[in-house]
Amino acid sequence: MKRATMVQPSSTFVNINRKNLWVSLAIAVLSLCFVPINVSAAVRRHPPQQHHLSRKPSPKLRFGRNGEFKILQVADMHYADGKTTPCEDVLPSQVDGCSDLNTTAFIHRMIEAEKPNFIIFTGDNIYGFDSKDSAKSMDAAFAPAIAARIPWAAVLGNHDQEGTLSREGVMKHIVGLNHTLSEFNPSELHVIDGFGNYNLEVGGVEGSGFVNKSILNLYFLDSGDYSTVPAIPGYGWIKPSQQLWFQRTSAKLRRAYMSPPNAQKSSAPGLVYFHIPLPEVASFDSTNFTGVRQEEIGSASVNSGFFTTLVEAGDVKAVFTGHDHVNDFCGQLTGIQLCYGGGFGYHAYGKAGWPRRARVVVASLEKTEEGGWGTVKSIKTWKRLDDKHLTAIDGEVLWSKKHTGKVE
């Protein structure tokens with residue numbers, strides 16, 4: 001995330017009030033009706049000719065026969081040129097021979113240990129400045145997931161586009177890789193900021209009454225790189241057009257979940273993934289989170305109101321980000337868990353002696369009276385350290401139909 005040569009975010013938040021947000025959303029609605037091209041804040045004067053890429057048909061995500069769906073989050077790989085790329089912030093005893101290949105080995109170990117149903121890479125997947133070829137770096141970074149034939153997806157961070165490909169080009173390359181469920185942008189929209197805003201549905205167990213219904217919804221957004229507004233310093237943020245898309249998608253999924261067959265009385269739980277944390281994450285301290293906070297929160301210096309949008313939607317139970325490598329905590333605010341993945345990559349800054357880590361999330365189903373599988377009962381998380389034993393730490397219940405808290 002942060003380097004000494006980069007513009008650092010201001011510590012002063014400039015709050016955008018709700019009235020201004022709704023005005024912005026109204027403008028976005030009008031834009032959807034009248035502007036027939038895809039635009040990003042960074043490329044409005046030169047819109048791309050192709051606004052959506054159709055990915056290859058992929059198997060539908062669904063819960064396993066054990067009633068679980070397991071997600072591995074990989075945050076901030078900062079991959080560059082493989083074995084020639086040195087590690088950063090490791091112990092002196094670890095320096096010799098340490099490279100991007102250590103990051104690759106860690107992913108392989110996590111896949112073997114956890115056997116996830118899905119992998120999400122939450123931005124800064126490559127470090128463009130140090131990469132000779134962005135496409136080759138991405139191919140190597142995602143290779144373990146591809147080799148394992150595990151469905152995976154990615155969002156962009158603030159460093160992915162700093163090499164030989166533009167931000168648009170990076171996302172187009174990702175969408176073309178094997179076994180990815182990543183999407184360039186929603187196919188039904190002509191105008192939305194950023195690259196890589198999409199959602200995935202997770203169906204019920206094969207043979208159950210929920211086999212054709214999404215019982216867990218995954219949302220992915222492009223949180224940007226750096227502010228393009230001269231008066232606003234620091235990092236990017238989630239724009240009104242993206243928030244409008246999220247609201248409409250959430251509402252559509254809620255209607256489907258509450259409709260026959262097996263109509264439900266409330267929304268299916270949702271999980272949200274993007275790179276740059278929300279300003280609200282700064283409200284936590286050691287008394288109300290699980291994990292550690294070892295650096296300042298690297299959010300945008302403006303509050304775009306997306307957290308309020310999430311709360312109002314009512315279905316989102318947790319948000320997962322990266323960006324701040326030596327923060328790895330989860331804290332609950334207004335019913336939503338805000339979680340860091342924890343620094344994963346060895347070419348990313350870290351803290352010597354503080355192991356790289358990955359976050360695992362497991363959604364578990366409840367049993368029906370007939371003995372089959374029903375809807376989501378709980379969502380739990382833990383982290384694993386890249387040490388000798390892949391030590392699991394900080395297990396907790398993020399959400400359940402009854403309560404949240406520490407795993408017993």
Side-chain angles (χ1 to χ4, degrees), residues 48 50-64 69-83 85 100-128 131-157 159-161 163-187 195-203 206 218-222 273-275 322 341 344-345 358 360:
Q50 185 176 14
H51 73 273
H52 173 71
L53 297 181
S54 297
R55 56 177 168 79
K56 302 175 291 296
S58 302
K60 179 179 174 63
L61 293 175
R62 65 174 63 259
F63 280 75
F69 186 78
K70 183 181 289 186
I71 301 171
L72 169 63
Q73 180 189 0
V74 177
D76 298 271
M77 287 189 292
H78 280 231
Y79 212 95
D81 294 328
K83 65 181 180 181
T85 302
D100 280 336
L101 299 188
N102 290 65
T103 302
T104 297
F106 187 18
I107 300 178
H108 281 300
R109 294 183 74 203
M110 286 299 303
I111 289 174
E112 179 64 25
E114 292 288 0
K115 297 177 174 55
N117 302 101
F118 179 67
I119 303 173
I120 171 64
F121 297 90
T122 51
D124 283 2
N125 308 297
I126 63 172
Y127 187 65
S131 168
K132 295 177 182 177
D133 185 318
S134 293
K136 289 183 178 179
S137 293
M138 282 187 283
D139 292 346
F142 300 125
I146 295 171
R149 299 180 179 273
I150 296 173
W152 62 276
V155 294
L156 300 183
H159 290 310
D160 290 291
Q161 78 291 338
T164 58
L165 289 175
S166 66
R167 196 169 184 81
E168 177 185 1
V170 168
M171 199 64 208
K172 284 183 175 179
H173 186 82
I174 289 172
V175 169
L177 294 175
N178 288 331
H179 306 297
T180 188
L181 302 183
S182 307
E183 294 183 12
F184 185 72
N185 265 335
S187 59
F195 304 103
N197 303 282
Y198 55 102
N199 70 287
L200 296 173
E201 302 176 11
V202 186
E206 193 77 53
L218 308 178
Y219 303 95
F220 309 89
L221 295 102
D222 180 1
Y273 292 87
F274 49 88
H275 181 69
F344 191 100
V360 178

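Here the structure is a predicted model, which is why all the values come from computation and not from measurement.
- Side-chain contact check for K172 versus L165: every heavy-atom pair is 4.5 Å or farther apart.
- Not a single donor-acceptor pair under 3.5 Å links the side chain of D100 to the backbone N or O of Y79.
- With sequence neighbours excluded, the residues forming a ring pair (Phe, Tyr, Trp, His ring centres under 6.0 Å) with Y273 are F220, F320, listed by chain and number.
- For the side chain to side chain contact (heavy atoms under 4.5 Å, CB included) criterion with V170, the lone passing option out of N125, T164, V175, D160 is D160.
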Hey, mind stepping through D222 and M171 against side chain to side chain contact (heavy atoms under 4.5 Å, CB included) and telling me if it holds? CA-CA 10 Å; D222 180 1; M171 199 64 208; over 6 Å; no
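- Among pairs with a residue in residues 102-119, those fulfilling salt bridge (Lys or Arg N to Asp or Glu O under 4.0 Å) read K70-E114, R109-D386, E112-K115, E114-R384, at least two apart in sequence or across chains.
- Heavy atoms only, all atoms of each residue included: Q73 and G341 are closest at OE1-CA, 3.5 Å.
- Between the CD atom of Q161 and the CD atom of E168 there is a distance of 12.5 Å, given to the nearest 0.5 Å.
- Interatomic distance, H173 NE2 to S137 OG, rounded to the nearest 0.5 Å: 9.5 Å.
- From D139, atom CG reaches atom CD1 of I174 across 10.5 Å, with rounding to the nearest 0.5 Å.
- Closest non-hydrogen pair, A75 versus G322, comes out as CB-CA, 4.1 Å.
- When all heavy atoms are compared, the tightest approach of A154 to S182 is N-OG, 3.0 Å.
- Checked against I119 for a side chain to side chain contact (heavy atoms under 4.5 Å, CB included), the options I71, L181, V74 give a single hit: V74.
- To the nearest 0.5 Å, the span separating OG1 on T85 from CG on L101 amounts to 8.5 Å.
- Note that NE2 of H179 and CD1 of I146 are 7.5 Å apart. Values are rounded to the nearest 0.5 Å.
- Considering only heavy atoms from C-beta on, P116 comes within 4.5 Å of I150 through its side chain.
- The aromatic rings of H78 and Y127 sit parallel to each other, their planes meeting at less than 30°, with 60° as the upper class boundary.
- Here the closest non-hydrogen pair linking H275 and T122 is ND1-O, 2.9 Å.
- Taking the six-membered ring where tryptophan is involved, the planes of F121 and W152 are perpendicular, since the angle between them exceeds 60° and thus also 30°.
- Shortest non-hydrogen contact noted between G157 and R167 is O-NH1, 2.7 Å.
- Atom CZ of F344 sits about 4.5 Å away from atom CZ of F106, to the nearest 0.5 Å.
- In terms of heavy atoms, D81 sits closest to S131 at OD1-CA, 3.7 Å.
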Stepwise side chain to side chain contact (heavy atoms under 4.5 Å, CB included) check, F142 with T180: CA-CA 10 Å; F142 300 125; T180 188; over 6 Å; no
Any chance you could lay out the side-chain hydrogen bond (donor to acceptor under 3.5 Å, both in side chains) test for N197 and N185, step after step, and finish with the verdict? CA-CA 5 Å; N197 303 282; N185 265 335; 3.0 Å; yes
